[in-house]
Amino acid sequence: MAPYKPQNFGDRLNTAASAKKAALEKFEAKSAALATVSVEKQAERMAAAAAREARAAERELAKQAKALQDAQAKAERQAAQAEAKLAEEARLLAESAQEANLEIERKAARDARYAARKARK
């Protein structure tokens, strides 16, 4: 075992300075490594954010396209309903006109019978 050698104040200052210097070098080496890692992570985060924004824009586009498609389908349904309603109204009008014609023919036949009965008397 080495004999004990008392240190004077200067030796203790030198030892403390060299310990601080070693700790600083160790910290700088770590921070340099962390800086490259943090730059890589920042790049990854930015890429993920860009991808997220692209997906959001894509979803918004799909949503707008679906809304447009739904609006077109609704317009087509409304047009078909309007056309069906017009056809039904035309059919009802034709039936009404046919009924009116039948009623006029019945009345004319009834009037002719009445006139023939009057003529016989």
Side-chain angles (χ1 to χ4, degrees):
M1 191 163 164
Y4 175 72
K5 180 179 173 190
Q7 294 182 340
N8 62 20
F9 185 69
D11 291 337
R12 286 192 312 234
L13 281 179
N14 286 336
T15 304
S18 65
K20 284 183 183 179
K21 185 176 179 183
L24 181 63
E25 288 174 359
K26 183 178 174 184
F27 175 76
E28 287 175 349
K30 258 189 192 177
S31 67
L34 287 176
T36 59
V37 169
S38 82
V39 167
E40 290 172 0
K41 283 187 179 183
Q42 182 66 22
E44 288 174 9
R45 281 189 217 113
M46 290 178 70
R52 191 170 36 252
E53 288 175 7
R55 286 191 307 270
E58 197 173 297
R59 278 193 305 271
E60 184 63 30
L61 255 169
K63 187 177 178 182
Q64 289 176 355
K66 183 169 177 14
L68 180 62
Q69 190 177 24
D70 289 347
Q72 288 175 342
K74 183 179 179 182
E76 288 173 2
R77 278 194 312 272
Q78 287 177 344
Q81 288 173 348
E83 186 176 325
K85 185 177 178 182
L86 285 175
E88 181 66 18
E89 287 176 359
R91 185 186 65 77
L92 290 174
L93 192 59
E95 284 180 5
S96 175
Q98 188 177 10
E99 276 295 319
N101 285 339
L102 284 174
E103 189 63 34
I104 290 171
E105 287 175 6
R106 282 190 219 127
K107 186 175 184 206
R110 189 174 53 239
D111 288 347
R113 285 192 312 266
Y114 179 73
R117 224 181 10 239
K118 285 285 189 177
R120 278 183 279 170
K121 284 188 180 180

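Hydrogens, waters and symmetry mates play no part in the numbers below; they use all other heavy atoms, side chains included.
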Visitor: Would you compute the distance between atom CZ of Arg113 and atom CZ of Arg110 and round it to the nearest 0.5 angstrom?
Guide: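 These two atoms lie 7.5 Å from each other.
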
Visitor: For Leu86, give me all partners under side chain to side chain contact (heavy atoms under 4.5 Å, CB included), at least two apart in sequence or on another chain.
Guide: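 With sequence neighbours excluded, Leu86 shows a side chain to side chain contact (heavy atoms under 4.5 Å, CB included) to Glu89, given in chain and number order.
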
Visitor: Holding to side chain to side chain donor-acceptor pair (under 3.5 Å), I want the full list of residues that pass it with Glu103, two or more places apart in sequence or in another chain.
Guide: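 Glu103 satisfies side chain to side chain donor-acceptor pair (under 3.5 Å) with Arg106 once adjacent residues are dropped.
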
Visitor: Which donor-acceptor pairs under 3.5 Å do side chains of residues 39-53 form with protein atoms, sequence neighbours excluded?
Guide:
{"residue": "Gln42", "atom": "OE1", "partner": "Arg45", "partner atom": "NH1", "Å": "3.0"}

Visitor: Assess whether atom CD of Glu60 is packed by more than 12 heavy atoms of other residues, nucleotides or ligands within 6.0 Å.
Guide: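 Enclosed: over 12 neighbouring heavy atoms sit under 6.0 Å from CD of Glu60.
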
Visitor: Using the side chain to side chain donor-acceptor pair (under 3.5 Å) rule, collect all pairs that involve residues 72-82, keeping only residues at least two apart or in two chains.
Guide: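 The answer is none; no pair qualifies.
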
Visitor: List, by chain and then residue number, the residues other than Leu13 in its hydrophobic cluster (Ile/Leu/Val/Met/Phe/Trp/Tyr, side-chain heavy atoms under 4.5 Å); write none if there are no others.
Guide: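 Answer for Leu13: Phe9.
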
Visitor: For Glu83, look at atom CD and say whether over 12 heavy atoms of other residues, nucleotides or ligands are found less than 6.0 Å away.
Guide: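 Count not over threshold, so no.
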
Visitor: Could you pull out all residues at least two apart from Glu95 that satisfy salt bridge (charged side-chain N to carboxylate O under 4.0 Å, His left out)?
Guide: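 Here the qualifying residues are Arg91.
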
Visitor: Who passes side chain to side chain contact (heavy atoms under 4.5 Å, CB included) against Asp11, sequence neighbours left out?
Guide: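 Checked Asp11 against side chain to side chain contact (heavy atoms under 4.5 Å, CB included); matches are Gln7, Asn8.
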
Visitor: List the residues meeting salt bridge (charged side-chain N to carboxylate O under 4.0 Å, His left out) with Lys66, not counting sequence neighbours, and say none if there are none.
Guide: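 For Lys66 the salt bridge (charged side-chain N to carboxylate O under 4.0 Å, His left out) partners, ignoring immediate neighbours, are Asp70.
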
Visitor: Applying side chain to side chain contact (heavy atoms under 4.5 Å, CB included), can you list everything that pairs with Gln69, at least two apart in sequence or on another chain?
Guide: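 Here no residue qualifies.
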
Visitor: Sequence neighbours left out, what pairs pass side chain to side chain donor-acceptor pair (under 3.5 Å) with at least one residue falling in residues 15-34?
Guide: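 Checked against side chain to side chain donor-acceptor pair (under 3.5 Å) - neighbours excluded - no pair reaches residues 15-34.
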
